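Throughout, numbering of the chain's residues begins at 1 and tracks the sequence. Owing to the predicted nature of the structure, the values given are computational and were not obtained by experimental measurement.
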Amino acid sequence: MRKIILILAAASTLLLGSIPTAFADSPEKSVPQGVGSTILQNSDYFGGVPADTPETVDIVMKIQDQGKLAQYIKYITTPGSENFREYLGVDQFKKLFAPEPFKLKAVTEYLAHFGIKTSVHANNLVITANGTAGQFNQAFNVVIQYANYKGKDYHGTKTEPKVPSLVADNILCILGLSNYSNLSSRAVKQPAALDESTPTGPLALSPSDLISKYNVKPLYDKGATGAGQTIGIVTLADFNVDDAYAFWNDQHITVKPNRITKVNVDGGSGWNGYDETTLDVEQSGALAPQADIRVYVGPNSDTGFLDTFSTAISENIAQQVSVSWGESEPAINLFVQLQLETPEYAQAFNQLFMEAAAQGISMFAASGDEGAYDAVREFGLGSGIPGVASLSVDNPADSAYITAAGGTTLPFHFHSNKYNYDVHNDQERAWGWDYLYGYFDVRGLNNPIGWGDRYLVGGGGGFSKMFATPWYQQGVSGVNTYTSTKQWTTNSDGSSLTRDASPTILTGTGTGRNMPDISMNADPYTGYKVLFSNPGTPGTNLGYAVYGGTSFVSPQLNGLSALINGLGNTRVGFWNPQIYSFAQGPNSPLHPLNTTGTSNDNGFYTGTAGTIYNQATGLGTPDVEALANAFLNIKKDNK
């Protein structure tokens with residue numbers, strides 16, 4: 001089904017009665033729908049969608065007193081606060097911060113006039129409305145049509161919807177009348193074999209390698225298994241449940257039977273990206289073998305994505321939730337400029353992450369795999385789109401209320417017999433493939449066609465242009481300042497770039513939410529094994545492939561969170577205010593990677609000696625035992 005999101009501001013008046021009486025004197029008013037003249041007037045239209053076509057509309061209500069909610073989250077997640085870890089239940093959150101029932105009733109009664117049925121999500125932030133294209137055409141005074149724009153088929157409306165001003169005055173915007181979608185997974189399959197090479201280093205890791213590398217074993221020695229915990233995974237692709245059990249069995253990991261529950265949101269999704277969902281389940285479940293896993297599968301659309309988050313967070317069953325899908329901030333900004341996207345897109349998700357923080361849910365998101373140039377592979381350097389080659393970061397990891405998972409590369413050496421070339425990476429570093437530039441060069445790959453896929457790959461990081469620097473990052477050494485290894489020069493409008501003759505070390509300052517927050521291994525060349533079979537046919541062609549990407553780090557942190565929460569029989573909640581506090585203490589459980597230069601950068605950002613934060617790897621890598629101790633000892637020390 002097509003999804004339509006309406007983001008509503010707080011209603012000031014209860015709308016009662018039928019349209020002819022209640023709205024007879026209320027003039028019609030246009031409502032921004034997120035699809036403007038550039039698309040609407042230049043698309044080819046092929047006729048109306050049949051009036052009896054089922055449609056689903058999501059009406060997302062605006063959080064009440066967002067500033068007060070932000071202060072509450074700060075109080076309950078900052079170590080030493082009087083209200084530390086005093087989380088809200090869903091009903092408490094709804095009572096304090098969601099719109100009052102009469103404001104919801106205003107929407108449902110208006111839609112009921114057209115025969116549209118509605119249901120309200122548990123958080124009172126989202127109303128799901130089900131009707132037909134004809135009914136929604138009447139409700140919004142539009143004609144939903146099939147269309148094509150630049151070779152892409154979609155359906156939407158050529159004109160902005162109009163409703164009586166008593167309704168329009170309560171509507172912020174409409175997101176999703178067109179079914180454009182730009183969301184993609186943050187998994188990267190290991191590139192082609194290193195030609196006739198003799199590699200030395202981890203090329204196909206198992207969960208046991210992570211356990212050893214980041215000092216997780218002491219938690220198991222203390223009895224941690226994830227028992228009593230639920231891992232939540234938000235995803236936009238289906239998967240074979242049996243593949244995960246086969247993986248754990250093959251890795252000799254004893255897991256809780258029947259632990260996986262698949263929650264299909266809005267009818268679920270197809271199989272495009274099923275490798276992403278598979279690795280999320282396998283990796284998180286391997287680290288917390290006795291935890292339950294709820295996999296929230298939604299359609300790959302803006303609205304499907306938001307509904308899936310809303311369901312996972314408002315169920316409030318999973319104490320930790322991860323996501324490995326996203327899109328770049330330049331993509332969102334471009335679609336806003338084209339009016340394919342509402343300016344409130346990021347805020348629609350951000351308020352759900354605020355709900356999660358208030359409820360004590362630990363949220364994790366992949367920071368992206370294009371290094372400091374998050375939009376390059378998304379659009380390609382030949383697109384001509386301004387800003388594509390600019391420094392940028394990924395959404396939804398850019399939200400201040402989610403932990404952005406960054407990437408590193410483990411020590412790795414190889415000798416290419418074919419090209420008589422040696423590569424040496426001697427210590428864990430920020431994931432950026434400039435350690436392979438010389439090898440790519442001798443292979444003749446140094447041309448614009450291949451830059452996006454090989455030369456500009458790495459752990460996502462930098463400065464958000466959508467969200468301000470959050471309170472927990474302010475004053476932390478390295479935040480809002482940077483050291484970089486400049487190796488590329490963008491053209492005047494940022495649509496393309498050229499490679500510099502040699503790297504230049506630069507320093508500077510930045511503003512906005514700094515990303516990422518914490519990092520672990522994500523390089524496909526030091527990547528992890530994923531076991532999966534053909535889509536929809538479990539067991540058929542079952543086999544391993546090696547992947548990397550920050551897509552691994554977010555579910556791995558999810559599994560580690562379940563271990564920590566289970567060990568302490570608690571919810572440690574939103575990580576960021578706590579880990580930034582730990583990092584500034586005398587015995588930090590996080591190891592900053594602050595070496596400066598091309599041996600430690602994500603394609604641009606590198607480390608700075610003496611700091612505890614950088615935009616390539618955030619606060620660095622965890623000692624998981626020490627991190628668990630820090631989380632679980634806070635209340636003892638401060639109360």
Please report the interatomic distance [atom1]([X]) to [atom2]([Y]), rounded to the nearest 0.5 Å.
X	Y	atom1	atom2	result
Ile564	Gln229	CD1	CD	10.5 Å
Leu287	Ser561	CG	OG	11.5 Å
Thr408	Asn602	OG1	CG	12.0 Å
Ile332	Asp302	CD1	CG	8.5 Å
Ile63	Leu96	CD1	CG	11.5 Å
Leu563	Leu627	CG	CG	11.5 Å

Item to check | Option from Gln351, Glu355, Glu315 for which side chain to side chain donor-acceptor pair (under 3.5 Å) with Asn123 holds | outcome: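 So, applying the side chain to side chain donor-acceptor pair (under 3.5 Å) to Asn123 and each of Gln351, Glu355, Glu315, only Glu355 qualifies.
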Is the shortest distance from a Lys or Arg side-chain nitrogen in [X] or [Y] to a carboxylate oxygen in the other one below 4.0 Å?
X	Y	value
Glu329	Lys465	no
Asp434	Arg429	yes
Lys217	Glu625	no

Can a side-chain donor-acceptor contact be found between [Y] and [X] if the only test is distance below 3.5 angstrom?
X	Y	answer
Ser551	Glu276	yes
Gln473	Tyr580	yes
Trp431	Asn521	no
Thr403	Asp517	no
Asp523	Thr409	yes
Ser362	Gln320	no

Checklist entry - Taking only residues two or more places apart in sequence, or in another chain, which ones meet Val376 in a side-chain contact (heavy atoms from CB on, under 4.5 Å)? => result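 Per chain and number, Val376 pairs via side-chain contact (heavy atoms from CB on, under 4.5 Å) with Tyr373, Leu381, Leu456.
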Next on the checklist: For Thr483, give me all partners under side-chain contact (heavy atoms from CB on, under 4.5 Å), at least two apart in sequence or on another chain.
Outcome noted: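 Partners of Thr483 under the side-chain contact (heavy atoms from CB on, under 4.5 Å) test: Ile505, Thr507, Thr596, Thr606, Thr608.
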Checklist entry - Any side-chain heavy atom of Tyr547 sitting closer than 4.5 Å to one from Pro524? => result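 Side chain of Tyr547 against side chain of Pro524, heavy atoms only: no contact under 4.5 Å found.
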Checklist entry - Are any non-hydrogen side-chain atoms of Tyr345 and Asn395 less than 4.5 angstrom apart? => result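 The answer is yes; the side chains approach within 4.5 Å.
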Counting only heavy atoms not in [X], do more than 12 fall under 6.0 Å of its [atom1]?
X	atom1	value
Lys68	NZ	no
Lys95	NZ	no
Asp426	CG	yes

Checklist entry - What heavy-atom pair brings Tyr528 and Leu210 nearest, and what distance separates the two atoms? => result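 Scanning both residues, the minimum pair turns out to be OH-CD1, 3.7 Å.
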Next on the checklist: Tell me which one of Tyr401, Trp325, Phe353 satisfies ring-ring contact (aromatic ring centres under 6.0 Å, His included) with Phe309.
Outcome noted: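 The ring-ring contact (aromatic ring centres under 6.0 Å, His included) with Phe309 is passed solely by Phe353 among Tyr401, Trp325, Phe353.
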Checklist entry - Is the centre of the Phe305 ring less than 6.0 Å from the centre of the Phe349 ring? => result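 Aromatic pair counts; centres sit under 6.0 Å.
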